[in-house]
Amino acid sequence: MTYHPKSDFIAIMMERGYLADCTDYQGLDEALRVPGRPAYIGYDATAKSLHVGHLLNIMMLRWFQKTGHKPITLMGGGTTKVGDPSFRSDERPLLTPAAIDDNIASMKNVFAKYLAYGDGASDAIMLNNAEWLDGLNYLEFLRDIGRHFSVNRMLSFESVKSRLDREQSLSFLEFNYMILQAYDFLELNRRYGCILQMGGSDQWGNIVNGIDLTRRVLDHEIYGLTSPLLTTSDGRKMGKSQGGAMWLNADMLSPYEFWQFWRNTTDADVGRFLKLYTELPVEDCDRLAALAGSEINEAKVVLANEVTTLCHGAEAAAAAEATAREVFEKGGIGEDLPTLSLTPEEVGSGISIVQVIVRAGLAKSGKEAKRLIAENGARMDDAPLTDAGLMLDAAALASPVKLSAGRKRHALVQIG
């Protein structure tokens, strides 16, 4: 598509690779020439932390604010009670209102690192859709809002169609989710003048629903913009690793492990990730991505430092890099490594190495830990670990023991 944007935000979205689709490029571009325009992204409160898979859209909100506009982080206190069925094979487990509130309180900490909240024209605001969803009268909602939705059209959306094609159950509760999400956009436009909803490309159908509903009810012109659903060059879903989700909260994933995730980026992804997840100028991203041979590793360190600084602060990024260099280049232990502290009672007369590997997060099960040892993938204090029957006693753990799974995953084990 050849289009030369007039607004700073659309120019950045296109230049850095954030843009998958837009309902009206020119209309939105013109609208964003006026500063202080509100846009939102919705986040359901299904966990205590967001993860790396959310980071692309958080960066979009950050750029939106940096170009003079007003980001809205909409917390799904209401919609989380229903659950988004998009591209899922089963129904989400339903959470209690108390659990949802706890999750929202925990997630707020991450947003505050990327966005400036306040009362100014371009200050971000955080809202909760329970504010308007919890008090809805069902009959009035059906009459005033439900009549604008065609079931035939809803059945044609890919997120619903894929579920039905696989003959997997889709509850009426979940089917209502897209109506509630559309209603969010209507309410945000009515209450706050919000003109734009952004999200991953899997949300396209939900976004279009909200635009159609707002036009029908309020006759207002609003827009939708989606980002690509990222996979790494080796085909993995962005934000997933062998150890599970890459959380953004430091109490759920240490800054070192977060840093290491970015340091382990494949060569082919470095340039793209620098543009999407850092604020380095595009020319610098291209220059770093063009490095060849072992020099590309320094580009990965830059990526890890930049992303970790945004999420956890410059001090945490520097400590993670120092630990990595200690562990990888000097063969040391590294004080900032993830640490498993065992009580003397747990160690007793001896604790099996297989159990320790699992508890340290280096394997998901005893079977996987034994396979790691059998395939010469495990090391203890940098020496090959070959005996799956090894028992560690208090004397062996008198000083911290470094365990490694492969070349990139490490943990310390000690008696705490």
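Throughout, residue positions are numbered sequentially from 1 according to the sequence presented.
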Exercise. Can you tell me if Asp393 uses its side chain to pair, donor with acceptor, with the backbone of Ser349 under 3.5 Å?
Worked result: no
For this session: Would you check if Ile373 and Ile357 make a side-chain contact, meaning some heavy-atom pair closer than 4.5 Å?
Result: yes
Problem set entry | Residue pair Ala11 / Pro5: nearest heavy atoms and the distance that separates them | CA-CG, 3.5 Å
Exercise. Do Asp212 and Arg215 have side chains that get closer than 4.5 Å, going by heavy atoms?
Worked result: yes
Exercise. Less than 4.5 Å apart, any side-chain heavy atom of Trp204 and any of Thr23?
Worked result: yes
Problem set entry | Arg191 side chain reached by Trp132 side chain, heavy atoms, under 4.5 Å | yes
Exercise. Roughly how far, to the nearest 0.5 Å, is the CE atom of Met198 from the OG1 atom of Thr226?
Worked result: 11.0 Å
For this session: Kindly indicate, with the supporting measurements, whether the criterion side chain to side chain contact (heavy atoms under 4.5 Å, CB included) is fulfilled by Ile179 and Ile145.
Result: CA-CA 8 Å; Ile179 299 179; Ile145 303 300; 4.2 Å; yes
Problem set entry | Considering all heavy atoms, the nearest Phe64-Pro38 contact | CE2-C, 4.1 Å
For this session: Say whether, by atom type as modelled, one donor and one acceptor occur between the side chain of His69 and the main chain of Arg37 under 3.5 angstrom.
Result: yes
Problem set entry | Option from Thr308, Asn305, Asn264 for which side chain to side chain donor-acceptor pair (under 3.5 Å) with Trp259 holds | Asn305
Seminar exercise, completed: Minimal heavy-atom distance between Asn57 and Ser227, with the atoms involved, is OD1-OG, 3.0 Å
Problem set entry | Between Thr79 and Asp184, a side-chain donor and acceptor under 3.5 Å | no
Problem set entry | Side-chain heavy atoms of Leu61 within contact of Tyr114, under 4.5 Å | no
Problem set entry | N/O donor-acceptor pair under 3.5 Å between Thr67 side chain and Asp8 backbone | no
Problem set entry | Smallest separation among heavy atoms of Leu50 and Met107, with atom names | CD2-CE, 3.4 Å
Exercise. Quick one: CZ on Phe149 to CE on Met154, what's the gap to the nearest 0.5 Å?
Worked result: 6.5 Å
Exercise. To the nearest 0.5 Å, what is the distance between CZ (Phe185) and CG (Asn206)?
Worked result: 12.0 Å
Exercise. Do the side chain of His220 and the main chain of Thr214 share a donor and acceptor less than 3.5 angstrom apart?
Worked result: no
Problem set entry | Taking every non-hydrogen atom, the tightest pair across Thr80 and Ala45 | OG1-N, 2.9 Å
Problem set entry | Heavy-atom check, side chain of Asn376 versus side chain of Pro384, under 4.5 Å | no
Exercise. With no hydrogens and no angle check, is any side-chain donor or acceptor of Arg16 less than 3.5 Å from a backbone partner on Thr278?
Worked result: yes
Problem set entry | Glu368 (side chain) donor-acceptor with Ser365 (main chain) under 3.5 angstrom | no
Exercise. Does a side chain donor of either Glu257 or Ser254 reach within less than 3.5 Å of an acceptor in the other side chain?
Worked result: yes
Exercise. Between Ile353 and Met380, is a side chain to side chain contact (heavy atoms under 4.5 Å, CB included) present by the stated rule, with each step listed?
Worked result: CA-CA 10 Å; Ile353 190 66; Met380 187 166 74; 4.2 Å; yes
For this session: Could you tell me which non-hydrogen atom of Asn249 sits nearest to which non-hydrogen atom of Ser106, and how far apart they are?
Result: ND2-OG, 3.0 Å
Exercise. Do the side-chain N and O atoms of Trp63 and Tyr18 include a donor-acceptor pair separated by under 3.5 angstrom?
Worked result: yes
For this session: To the nearest 0.5 Å, tell me how far Glu346 CD sits from Gln355 CD.
Result: 8.0 Å
Problem set entry | Test side chain to side chain contact (heavy atoms under 4.5 Å, CB included) applied to Leu136 and Tyr183, step by step | CA-CA 11 Å; Leu136 284 177; Tyr183 186 67; 3.7 Å; yes
For this session: First locate atom CG of Leu74, then atom CG of Asp44, and finally report the distance between them rounded to the nearest 0.5 Å.
Result: 9.0 Å
For this session: Using a cut-off of 6.0 Å, state whether more than 12 heavy atoms not belonging to Lys370 lie near its atom NZ.
Result: no
Exercise. Within the distance-only criterion (no hydrogens, no angle test), does the side chain of Asp123 pair as donor or acceptor with the backbone N or O of Asp119 below 3.5 angstrom?
Worked result: yes
Exercise. Would a distance-only check, ignoring hydrogens and angles, find a side-chain to backbone donor-acceptor pair under 3.5 Å from Gln181 to Ile207?
Worked result: no
Exercise. Taking side chain as C-beta onward, heavy atoms only, is Lys402 less than 4.5 Å from Arg379?
Worked result: no
Exercise. What do you reckon, is NZ of Lys113 surrounded by more than 12 foreign heavy atoms closer than 6.0 Å?
Worked result: yes
Exercise. Do Gln26 and Asp24 pass the side chain to side chain contact (heavy atoms under 4.5 Å, CB included) test, and can you show the C-alpha distance, the side-chain angles, and the key distance before you say yes or no?
Worked result: CA-CA 6 Å; Gln26 287 178 285; Asp24 177 359; 4.2 Å; yes
Problem set entry | Non-hydrogen side-chain atoms of Gln260 and Thr323 separated by less than 4.5 Å | no
For this session: Please answer whether the main-chain N or O of Ala116 pairs with a side-chain N or O of Gln65 as donor and acceptor at a distance below 3.5 Å.
Result: yes
Problem set entry | Within the 6.0 Å centroid threshold, strictly below: Tyr192 and Tyr40 | no
Exercise. Do the side-chain N and O atoms of Ser201 and Asp21 include a donor-acceptor pair separated by under 3.5 angstrom?
Worked result: no
Problem set entry | Between Phe258 and His312, ring centroids under 6.0 Å | yes
Problem set entry | Approximate separation, where rounding is to 0.5 Å, of Leu186 CG and Leu213 CG | 5.0 Å
Problem set entry | N-O pairing of Arg287 and Glu295 below 4.0 Å | no
Problem set entry | Result of checking Val282, Leu280, Asp284 against Leu274 for side-chain contact (heavy atoms from CB on, under 4.5 Å) | Leu280
Exercise. Among Asp269, Thr266, Asp267, which one satisfies side chain to side chain donor-acceptor pair (under 3.5 Å) with Lys300?
Worked result: Asp267
Exercise. When you measure from the side chain of Thr265 to the backbone N and O of Trp262, does any donor-acceptor pair fall under 3.5 Å?
Worked result: yes
